[in-house]
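Along the sequence shown, residues carry numbers from 1.
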Amino acid sequence: FTNDLPEPTSEVVLILRANLYREPNPYLSKINLDSTYPSGFNPGWTKVRGITDSDGNKLNYDSESLPPTSQTYSLKNTILRVKLNKPVEPGEEGSIVVDFSTKIPRKKEGDMEYFQGVYTWRFGWYPVLAPSEWWRGYDRKVYSQRKLITADYEVQLTVPEKFVVGGNKVDETEVKSAAKKGDKKRKLLEFELKEARSFPLVASANYEKYRGEFREFTVEVLHRPGYEERARVLASYANEILTFYSKRFGKYERDKLTFAQGAVSGYFGMAADGIIVLGDSFFGESQLALSNITNRLSEYLIAHEIAHQWFGIGVGADLHTQNWISEAFSEYLSLNYFHHKYPEYKPNLFRFEENGLIRSFIESQLGYINLRSHMFELPYIVNFQKGFDEAIVKPRQDVKYANATQTRVYKKGYMVLRTLEGIIGEDSMNEFIRGIYENYDEDIVDVDLLAEKVKAISGKEIPEDFFHDWLRTPGYIDYGVSGLTREKLDSGNYSNEIRVTKSGSLPAPVELQVLLENDEKITHTVVLKEDKKTIKLETPERVKRVTVDPNNYVMD
């Protein structure tokens, strides 16, 4: 480790995340526990047998507890404060050696578990070095943060011969087993992962491996038998997405991206360095309703998880307080890709190969489904109307409505970035995102840094305190057109008065689109600091319709 504090340190801190699973939570219902532990409660833990310096000298350490920022019961022995034999000066390197064992719990959540023959643990199956702010002494506010710092990993795993393990494998050798009856052959796998926020573990004896070699990228898919066709489709999507992101937002730096079929059903994904675990529904349920109907939904979700290699896994953030940097930016990249490929303002989520009974039924029951309108804007509006809306950036322990977290952080967060794009333009937005990724992909960034960088690109176009108002307050904005007066002039032109209204505290310029009788469109940018404004406009034809924010940029 490197001491990046401005003063010498005589202590470092390790996080033992597996100890969060040592005990069942007595405050949760039995039904809840049974759904997580189908075979009964099964603990997880990490036991540290000893810590030494690089010369083998014993180091002392004390255990502490994480603050209760997550819904878990086991908090004891989740932190180790290690006392060094000699101080490490600012900028200097030190090292410790930890002898530990981890028990992976049998449970069904999709991560940090062993379920149906699959081991999945993305962050912290080993003792993790905590951010340097933690080394100064216990501070609940600081300990409540979750920052994944980058490191270089070299990992050796001894596993049964049939095990397939995801990751950047550099060597594999057979291990001689003891000559006992029933002994199975084992192998030693060696992995290397540079500048990573974790070393993720995904392994199973049931996996088969599909490897797609494309012009710029290699995509590997670990899947259960019978799903090679789905793996090929997945690899094809991944290559398209990686290529698109690399050209627009900065190149993906790793040689390979690995996907793994998770054991838990559902359309969800979980990203880590170089590895993405997908819910089993991507594979096992894709053809149940109608062949290919879910492909676009899958493609969008895959694009979101791949985008985490740029934000969240790439550019880091405090995932407790500013998780929107991970999730909203990933949503922005994924919709950018989706709208590049499919019509942005038309039905675009379901793909029908031909007309027929099922298509007619779905369209008659659901109407048309547009990804942004129905999965981003509508959930935000419903949350707002039900009173569940709150600030995007706030400590996790201060959030009032945990049930609305995904809509608030993912969807509303995306809509803030979409509003920003509407203000500064698509080219400046792409330049902003590329600059953040290329300059801070190993760092932890925050709202203040992002505000500084985007203002440097866009100048005075952004309203003062845009990031503070839109992210740190529960403010909203609601534009409307309350009236239109038209008068024909002696010249034959028309004099129009358009009355625009605004409620809410958030500031943002908005585009007004005027449609004439001859279908000509005139656009006009409006900035409202007050709650209403009258726009006077002379047109050569009669005005047929006035639309505020026709391209759905503003989080209205």
For R106, is the CZ atom crowded, meaning more than 12 foreign heavy atoms sit under 6.0 Å from it?
no
With sequence neighbours left out, write down each residue that passes ring pair (Phe, Tyr, Trp, His ring centres under 6.0 Å) with Y252, or none if nothing qualifies.
W310
Can you give me the closest heavy-atom contact between V445 and I325, atom names plus distance?
O-CD1, 3.7 Å
Under 6.0 Å from the NZ atom of K76, do we count more than 12 heavy atoms belonging to anything else shown?
no
Do the side chains of D53 and K86 get close enough for a salt bridge, i.e. N-O under 4.0 angstrom?
no
D111 vs V277 side-chain heavy atoms within contact, under 4.5 Å:
no
With a 4.5 Å cut-off on side-chain heavy atoms, are L349 and H374 touching?
no
Stepwise, does the ring-ring contact (aromatic ring centres under 6.0 Å, His included) test hold for Y138 with Y143?
CA-CA 7 Å; Y138 184 91; Y143 272 32; 4.5 Å; yes
Verify whether one side chain among R49 and S101 offers a donor that lies under 3.5 Å from an acceptor in the other.
yes
Identify the two heavy atoms, one from F1 and one from S95, that lie closest to each other, and give their separation to 0.1 Å.
CE2-N, 3.6 Å
So, using ring pair (Phe, Tyr, Trp, His ring centres under 6.0 Å) as the criterion, who are the partners of F376 when residues are at least two apart?
Y414
Distance, nearest 0.5 Å, that separates OG1 of T52 from CG of D99
8.5 Å
Using only atom types and a distance under 3.5 Å, with no angle test, would you say the side chain of S198 pairs donor to acceptor with the backbone of R122?
yes
Min side-chain heavy-atom separation I302-F282 under 4.5 Å
yes
Is it the case that the side chain of S144 and the backbone of R140 share a donor-acceptor pair, with hydrogens and angles ignored and the cut-off at 3.5 Å?
yes
Within the 6.0 Å centroid threshold, strictly below: Y437 and Y245:
no
Answer yes or no: are there more than 12 heavy-atom neighbours, outside E216 itself, under 6.0 Å from its atom CD?
yes
Closest non-hydrogen atom pair, R197 against D273
N-OD2, 2.6 Å
Report all side-chain donor-acceptor pairs from residues 200-211 shorter than 3.5 Å, counting only partners two or more places apart or in another chain.
| from | atom 1 | to | atom 2 | distance (Å) |
| --- | --- | --- | --- | --- |
| S204 | OG | G117 | O | 2.8 |
| S204 | OG | N206 | N | 3.0 |
| Y207 | OH | Q261 | O | 2.7 |
| R211 | NE | E213 | OE2 | 2.6 |
| R211 | NH1 | E220 | OE2 | 3.3 |

Taking 4.0 angstrom as the limit, do E7 and R136 come out as a salt bridge?
yes
W134 side chain vs R81 backbone, donor-acceptor pair below 3.5 Å
no
For atom CG of D255, is the number of surrounding heavy atoms from other residues, nucleotides or ligands below 6.0 Å larger than 12?
no
K256, NZ: over 12 other non-hydrogen atoms inside 6.0 angstrom
yes
Do you know the tightest heavy-atom contact between I444 and D318?
CG2-N, 4.2 Å
If only atom types and distance count, is the side chain of S246 paired as donor or acceptor with the main-chain N or O of T243 below 3.5 Å?
no
Mind checking side-chain contact (heavy atoms from CB on, under 4.5 Å) for E109 and listing every partner two or more places apart, or none if nothing turns up?
Y21, T36, K107, E113
Under the ring-ring contact (aromatic ring centres under 6.0 Å, His included) rule, what pairs show up with a residue in residues 34-68, not counting sequence neighbours?
Y37-F41
Identify the two heavy atoms, one from T2 and one from G91, that lie closest to each other, and give their separation to 0.1 Å.
CG2-O, 3.8 Å
Quick one: does L449's side chain get under 4.5 Å of I436's, heavy atoms only?
yes
ring-ring contact (aromatic ring centres under 6.0 Å, His included) assessment of F199 paired with F191
CA-CA 9 Å; F199 183 86; F191 296 86; 5.6 Å; yes
Can you check side-chain contact (heavy atoms from CB on, under 4.5 Å) on H223 and E228, steps first, answer last?
CA-CA 7 Å; H223 62 89; E228 181 176 334; 4.0 Å; yes
For F311, give me all partners under ring pair (Phe, Tyr, Trp, His ring centres under 6.0 Å), at least two apart in sequence or on another chain.
F329
Pairing donors with acceptors under 3.5 angstrom, does anything connect the side chains of T46 and T102?
yes
Are P131 and Q145 side-chain neighbours, meaning at least one heavy-atom pair lies under 4.5 Å?
no
side-chain contact (heavy atoms from CB on, under 4.5 Å) between V98 and Y126, intermediate numbers included
CA-CA 10 Å; V98 185; Y126 48 86; over 6 Å; no
Could you tell me whether E174 and K187 make a salt bridge, using a distance below 4.0 angstrom between a side-chain N and a carboxylate O?
no
Is any side-chain heavy atom of V88 closer than 4.5 Å to a side-chain heavy atom of V12?
no
If you round to the nearest 0.5 Å, how far is CD of E195 from CD of E253?
8.5 Å
Can you tell me how far CG of N60 sits from CD of E11, rounded to the nearest 0.5 angstrom?
11.0 Å
Residue pair L14 / L129, side-chain heavy-atom distance below 4.5 Å
yes
For K194, is there any backbone N or O sitting under 3.5 Å from a side-chain donor or acceptor partner on R254?
yes
Would you say the side-chain atoms of D4 pair up with the backbone N or O of S132, donor to acceptor, closer than 3.5 Å?
no
Measure the spacing between NZ of K411 and CH2 of W324 and express it to the nearest 0.5 Å.
15.5 Å
Distance to the ring centre below 6.0 angstrom and angle to the axis at most 45 degrees; does that hold for R296 and Y342?
yes
Just by distance, with hydrogens left out, do E327 and H304 show a side-chain donor and acceptor under 3.5 Å apart?
yes
dist T407:OG1 -> M375:CE (nearest 0.5 Å) comes out at 10.5 Å
Within the side chain of R248, is there an N or O that forms a donor-acceptor pair under 3.5 Å with the backbone of R434?
no
Measure from the side-chain N and O atoms of T78 to the backbone N and O of L75, and report whether any donor-acceptor pair falls under 3.5 Å.
yes
Can the ring centres of F244 and Y337 be said to be less than 6.0 Å apart?
yes
Does K251 NZ have over 12 foreign heavy atoms under 6.0 Å away?
yes
Anything under 30° is parallel, anything over 60° is perpendicular, the rest tilted; go ahead and classify Y119 against F163.
tilted
Please lay out, stage by stage, how S74 and N19 fare under the test side chain to side chain donor-acceptor pair (under 3.5 Å).
CA-CA 7 Å; S74 306; N19 284 344; over 6 Å; no
Below 4.5 Å, heavy atoms only, C-beta onward: do N430 and N336 meet side chain to side chain?
yes
Supply the atom-to-atom distance I241 CD1 to I306 CD1, rounded to the nearest 0.5 angstrom.
4.0 Å
For T158, is there any backbone N or O sitting under 3.5 Å from a side-chain donor or acceptor partner on R186?
yes
Got a donor-acceptor contact below 3.5 angstrom from the D441 side chain to the G314 backbone?
no
